[in-house]
Amino acid sequence: MDGENASLAFTLVLYVALPAIVLFVGWLVGHLSETKHERSLALREEELKDIEATDLRNPPGFADADGTCALVSGEAVVASDTFKSWVFGFKNIVGGESKTFTRLFDRARREALLRMKERARELGCNAVCNVRFDSADIGGNAAGAKKKGSNMAVSLVSGTAWRRHGA
């Protein structure tokens, strides 16, 4: 009987506790990484808030630009952690919005926009007009049913950088 109990305990640890621990560690590491990235985004957004970004082709003040004009872009690829991807598999069964992937694409767009603004600042510009976003899922569902990979959100943003007078 002791051997059977030991075997049962070993089986429970192997098939229940170990996967639970791995999932918890995956969730914890993913959560900490996402929180760190969110803080980084907020700090950089505050630093770059003086650079105006608009989707207008010719925003107010553009006619008075000093002639400095350049195409600028920013790209970002943000991957989802394995735990969230695993949980998303269950969400697919019942349908509905996945807030996890909504946040993933939001972080990718924010990161790409910040990289574009940083490039504009490097060129001595303080505004970006005609801003356009594009995004895609290059992992997970995009890989096809037989080639499931890690879910990754890609965002590309581009625009025309210029220098406003008086700024």
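Everything numeric here is computed off the predicted structure, so don't read it as measured data.
- Atom NZ of K36 is separated from atom CG of L41 by 12.5 Å, given to the nearest 0.5 angstrom.
- R121 CZ to I51 CD1: the interatomic distance, rounded to the nearest 0.5 Å, is 4.0 Å.
- Nearest heavy atoms, A112 versus A76: N-CB, 3.8 Å.
- Residues M116 and V131 share a closest heavy-atom pair of CE-CG2, 4.0 Å.
- No chain of hydrophobic side-chain contacts below 4.5 Å, direct or via other Ile, Leu, Val, Met, Phe, Trp or Tyr residues, connects F105 to V78.
- Criterion: ILVMFWY side-chain heavy atoms under 4.5 Å apart, direct or through other members. Under it, L114 and V128 are part of a common hydrophobic cluster.
- The CG atom of D106 sits 9.5 Å away from atom OG of S155, with the distance rounded to the nearest 0.5 Å.
- Judged purely by atom type and a 3.5 angstrom limit, R107 has no side-chain atom pairing as donor or acceptor with the backbone of H37.
- Although no hydrogens or angles enter the test, the distance criterion places no donor-acceptor pair under 3.5 Å between the side chain of S33 and the main chain of V29.
- The minimum heavy-atom distance between F133 and V157, with the atom names listed, is CE2-CG2, 3.7 Å.
- The one candidate from R115, R44, E45 that meets the side chain to side chain contact (heavy atoms under 4.5 Å, CB included) condition with R110 is E45.
- When all heavy atoms of G124 and R163 are compared, the closest pair comes out as O-CD, 3.2 Å.
- Atom-to-atom distance recorded for E34:CD and R39:CZ is 11.5 Å, nearest 0.5 angstrom.
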Quiz prompt | Verdict with reasoning, L123 to V72, per side-chain contact (heavy atoms from CB on, under 4.5 Å) | solution = CA-CA 9 Å; L123 296 173; V72 290; 3.7 Å; yes
Self-check item: Worked check of salt bridge (Lys or Arg N to Asp or Glu O under 4.0 Å) between E122 and R119
Solution: CA-CA 5 Å; E122 289 171 6; R119 179 69 181 133; 3.2 Å; yes
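- Looking only at atom types and distance, the side chain of E38 has no donor-acceptor partner in the side chain of S40 under 3.5 Å away.
- The CZ atom of R109 sits 9.5 Å away from atom CG of L104, with the distance rounded to the nearest 0.5 Å.
- Residues L32 and L23 share a single hydrophobic cluster, defined by chaining ILVMFWY side chains whose heavy atoms lie under 4.5 Å apart.
- Of all heavy-atom pairs spanning T160 and C69, the tightest one is CG2-SG, 3.5 Å.
- Taking all atoms of both residues into account, the shortest heavy-atom contact from S158 to L71 is CB-CD1, 4.4 Å.
- Expressed to the nearest 0.5 Å, how far CG of D50 lies from CD of E52 amounts to 11.0 Å.
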